[in-house]
Structure formats: structure tokens, C-alpha cells
Amino acid sequence: MPGRSRFSWPVAPALAAVLILSACGAGGSTTTPAPSPSAASSSASASSSGGSSAPASSPAAAPVRLDDATRARLQASFEQTFAAATVDGVPTPGAIAYVSVGDQEWTSALGVSDVDTKAPVDPAGHGRIGSITKPIVASAVLVLVDQGKLSLDDPLAKYIPGIANGDRITVRQLLSMSSGVWNYTTDQQLVDTFATAPMTPWTIDQTIDLIRSHPADFAPGEKVAYCDSNYVLLGRIAELVTGQPVSEVVRTLVTEPLGLTGTRMPADDQPGVPDPGIGSYQPINGQPAAIPDLNPTFAWTAGAATSTVPDLARFAREVTDGSLLSPELQAQRLATTTFTGIPLDVGYGLGVLNMNDLIGHNGDITGGGGTMLRLPAEDATFVVLVNLSTNAENSSGAIANALIDDLYPGRTVSR
């Protein structure tokens, strides 16, 4: 719909999808999660033993343990939510859910990756992640800042001329959704074109020229408003300062150092999901329609990446703990400001979303999407991937919401 941002869907501007994961609050928000005690394992099977501290909002509560009874409860919750998981009236063919608390893990996969062959979903399979691409790209940009190759205070016009207010917009404001640049995914005709013809020829230069042709939505720093254009511009800046394609920038600075072997920022000629895939569908005329290929240059650094649940569990911890960044820059990443006009504690930092004390990101794109969240004080991680999505909706948030509520009641409150 006009005014909605694509590839991330939860936060723009009505934040309808994300609000089910948010507790009520007001005003600006600064979130600095405590470091977690140990790195999350990427195993698709459940491990045993371990524990976590009690929820900060309920200090007298017993620590959450993923014992047999808790695992059974999570499974029942997942099955119930998955059974009701529809988009435009079409049931979601398959989903993977992951929860960890300390070194305890639970993973489950339901449904099928192929509606024709009925092949089951692989718990370690690859899927589209939509705007979870943004914190991955933001991590690469922040590493470049730490390396001295660019500054958070650099003006956009230093790298990309001709954009409204480009001499006043900073790299920091692009990262934090406060630049005011026009959002190219509010061009409904363009979005509809890719929804119906996902391999439509397109280039990054066309996106940037489209942004250039529009006035700013607001003055730099005046508001915080979700905008996919910010992250396309950041992708181009990363290429300009390194002389490398952004797919290589992400690989060398983020996914390879973190061991995220199943995560890919695709090159321009990589429209598909790597094998083994979890499937890629969108609802059309009441049925799930396969979308095996999607031109990556449309969503690009705003939402074209693919990943796996084990990788996203690792990356969720990186977002809150920041092993790639200096402590000072990591603290700046996690300092979030509430979205303008949203009467809830839902905000954005430097490529990271906060929903009350949940930290992470989520996303939707044609063919799939996911939700990746951490409760750092509890050392708890929640990841969901689904294989049915439009450019505005999937069921991953509802599934994650139910799992979080099951272990930490009161952390998720719908508006």
C-alpha cells in the first residue's frame, strides 16, 4: 500500500506487523543489551543443559530452562500458530522455528518446501530473509567505519551526488532511518511490477536515479521513518569506498569472519535461493505460486539476502554483542530512537530494530521472510523463517510472537 516500506514490512510507517512483538511505551528509546555469556550454537538439533537469568521485568521468576516439558510446550505453540499461518488466505507451506536460552536450543521444522513433491522443510535450509538484509549490510558499513574508510558523519553527497539534501544527509542518518530521502518502494507501480514479474530487468543505477528524481520526504534528522532507499544508498557507498561489489564486501567483512556459511548477499546474477532451499512462494489467486527467482537488483541491499536459521541465530547474537565492531561503535549501533508518530517503544538504531527490549530485525519479500530477535538480558534468541510471503506480509512474526510469549509472558504486547 502507499506509504509502506518494502522488504522489511514490520516498521513502515504503521508498523502493523511489528507491533505484535512490541510492548507499549512512549518517547525515544535507547537500548544497550548486556553481552551474552556464550556464542549460540548453529546446530539444527536441540542440545541439553544450561540456563539463563530470570526476566528483568520479573526478577522473582524461575530461570527459563528448555527441559522436555518446555520443549513440548514450544512445539505445541509452533504447531498451533503454523496451522493458522496464512497470507492473503493462503496457508504457509513451510516454516522453521528456533529458540535458544543460554546454551540450550530447540529447533523445529513444519510443512513442506515443495507443495508438489511434498518434500519436508530442511531445518538448515536456505530461505529469503527480506529486510534482515539491512543489519547485515549495516554491519559491513560499520566495519568500514571502524577501519577508517568512511565516517558516520560523511555527507551522502560525498559519494552519491544529486539527491535532495544530500549535502546535509550523513551516513549515520542513512543507517538510522532519519535521512528523509524519498522511499523508492512507495512507487506502487514499480513494486507491483516485481510482484507479478520478479525477474524484470533492473539496475541499481535505475533505483538511485529514481531516488534522485524525487524531493525529500523530510529534513535530515527531523524524523525517524522506515525507508528502503537508505540501504540501497549505503550499499552503493560500500562499493564506492572499497572498489568491490557489495556481495564481496558483505562476504569478506561480515559473513566470512562470523562463519555464516549459509548466508549470501547475492551478486547481480544470483536470483535464486541456494540449495537446499526451504521453498519460495507467494499467494496468487488463492494458491501458493512458486517464485524460484527474484531479480536481486530490485531489493538489493535493502532486502535481497538469503540465509538459514542456524546462521541467523549466530547473527542475532552478533547484533547484540558486536564482536566485529569496536565497543564504542557497537554502543552507537544499539542506541535506538523511537519511530516518529509511534506511541510504542519501537525504534531504530544503526541497522537494528528494537521492540521494547527485543533486539533484531525482521523482513518480508516476495517468496519468503523471517524474524530474528534477541532478549539479551535473558540470553534468549528467537528465529523464524517461512517460505510464503508477499512484499508486505508473512507469518514469521506471529510465530515468533507466540514462542516469545510462551517463555517470557508480557514481553510481546499487541496494540
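Residue numbers start at 1 and run along the sequence shown.
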TODO: Indicate whether any N or O donor in one side chain lies under 3.5 Å from an N or O acceptor in the other, for S77 and D406.
DONE: no
Open item on the list: Is it the case that atom CD in Q80 sees more than 12 heavy atoms from other parts of the structure closer than 6.0 Å?
Closed with: no
- [ ] Just do the side-chain contact (heavy atoms from CB on, under 4.5 Å) check on N362 and M372 with the steps written out, would you?
- [x] CA-CA 6 Å; N362 47 3; M372 175 194 76; over 6 Å; no
Task: Trace of the side-chain contact (heavy atoms from CB on, under 4.5 Å) decision for W182 with I163 - done: CA-CA 9 Å; W182 173 79; I163 293 174; over 6 Å; no
Task: P257 and L324, any side-chain heavy atoms less than 4.5 Å apart - done: yes
TODO: Determine, for D205 against R236, whether the closest basic-nitrogen to carboxylate-oxygen distance falls under 4.0 angstrom.
DONE: yes
Open item on the list: Checking side-chain polar atoms at under 3.5 Å, does Y408 have a donor or acceptor matched by the opposite partner on E378?
Closed with: no
Open item on the list: Just so I know, are the side chains of T308 and R264 near enough to count as touching, which here means a heavy-atom distance under 4.5 Å?
Closed with: no
Open item on the list: Could you check whether D154 and Y159, counting side-chain N and O atoms only, form a donor-acceptor pair closer than 3.5 Å?
Closed with: yes
Open item on the list: For T203, is there any backbone N or O sitting under 3.5 Å from a side-chain donor or acceptor partner on Q206?
Closed with: yes
Open item on the list: Given T81, which partner from the list I399, T92, V384 fulfils the side-chain contact (heavy atoms from CB on, under 4.5 Å) test?
Closed with: I399
Open item on the list: salt bridge (charged side-chain N to carboxylate O under 4.0 Å, His left out), that's the test. Do K223 and D217 meet it? Break it down for me.
Closed with: CA-CA 10 Å; K223 300 178 181 180; D217 284 344; over 6 Å; no
Task: Whether S100 side chain and Q104 backbone form a donor-acceptor pair below 3.5 Å - done: no
Open item on the list: Please report whether the ring centroid of H361 lies less than 6.0 Å from that of Y348.
Closed with: yes
Open item on the list: When you compare the side chains of S280 and R128, does any donor N or O come within less than 3.5 Å of an acceptor on the partner?
Closed with: yes
Task: Nearest atoms (heavy-atom pairs only) where Q282 meets A195 - done: NE2-O, 2.9 Å
Task: Approximate separation, where rounding is to 0.5 Å, of E239 CD and L234 CG - done: 12.0 Å
Task: NZ/NE/NH1/NH2 to OD/OE distance under 4.0 Å, D405 and R411 - done: no
TODO: Calculate, to the nearest 0.5 Å, the distance between atoms CG and CG belonging to N401 and L373 respectively.
DONE: 9.5 Å
TODO: Please confirm whether the backbone N or O of D187 pairs with a side-chain atom of D192, one donor and one acceptor, at under 3.5 Å?
DONE: no
TODO: Find the distance between CG (L388) and OG1 (T86) and round it off to the nearest 0.5 Å.
DONE: 9.0 Å
- [ ] Determine whether N295 and P271 make a side-chain contact, defined as any pair of heavy atoms from C-beta on separated by less than 4.5 Å.
- [x] no
Open item on the list: With a 3.5 Å distance limit and no angle check, can you tell me whether D311 reaches the backbone of T263 through a side-chain donor-acceptor pair?
Closed with: yes
Task: Worked check of side-chain contact (heavy atoms from CB on, under 4.5 Å) between L66 and L407 - done: CA-CA 9 Å; L66 299 186; L407 295 187; 4.2 Å; yes
Open item on the list: Nearest 0.5 Å, please: how far is CG in N230 from CG in L174?
Closed with: 5.0 Å
Task: Side-chain H-bond candidate by donor/acceptor type, T186 with N183, under 3.5 Å - done: no
Task: Separation of L353 CG from M355 CE (nearest 0.5 Å) - done: 4.5 Å
Open item on the list: Going by the rule side chain to side chain donor-acceptor pair (under 3.5 Å), which residues pair with T252 if we only count those two or more places apart in sequence or in a different chain?
Closed with: none
- [ ] Sort out for me which residue in V171, L253, I237 forms a side-chain contact (heavy atoms from CB on, under 4.5 Å) with L144.
- [x] L253
Task: Between S139 and R333, a side-chain donor and acceptor under 3.5 Å - done: yes
TODO: Output, in order, the C-alpha distance, side-chain angles, deciding distance and verdict of side-chain contact (heavy atoms from CB on, under 4.5 Å) for T170 and L152.
DONE: CA-CA 7 Å; T170 65; L152 290 176; over 6 Å; no
- [ ] May I ask you to decide if the ring planes of W106 and F78 are parallel, tilted or perpendicular, using 30° and 60° as cut-offs?
- [x] perpendicular
Open item on the list: Nearest 0.5 angstrom please: Y98 OH to L385 CG, how far?
Closed with: 13.0 Å
Task: Donor + acceptor pair across side chains of Q75, S108 (<3.5 Å) - done: yes
- [ ] Establish, from distance only, whether the side-chain atoms of T185 and D228 form a donor-acceptor pair under 3.5 Å.
- [x] yes
Open item on the list: Looking only at the side chains, is there a donor atom on one of S131 and T133 sitting less than 3.5 Å from an acceptor on the other?
Closed with: no
TODO: Over 60° means perpendicular and under 30° means parallel, so classify the ring planes of F298 and F194, tilted if in between.
DONE: parallel
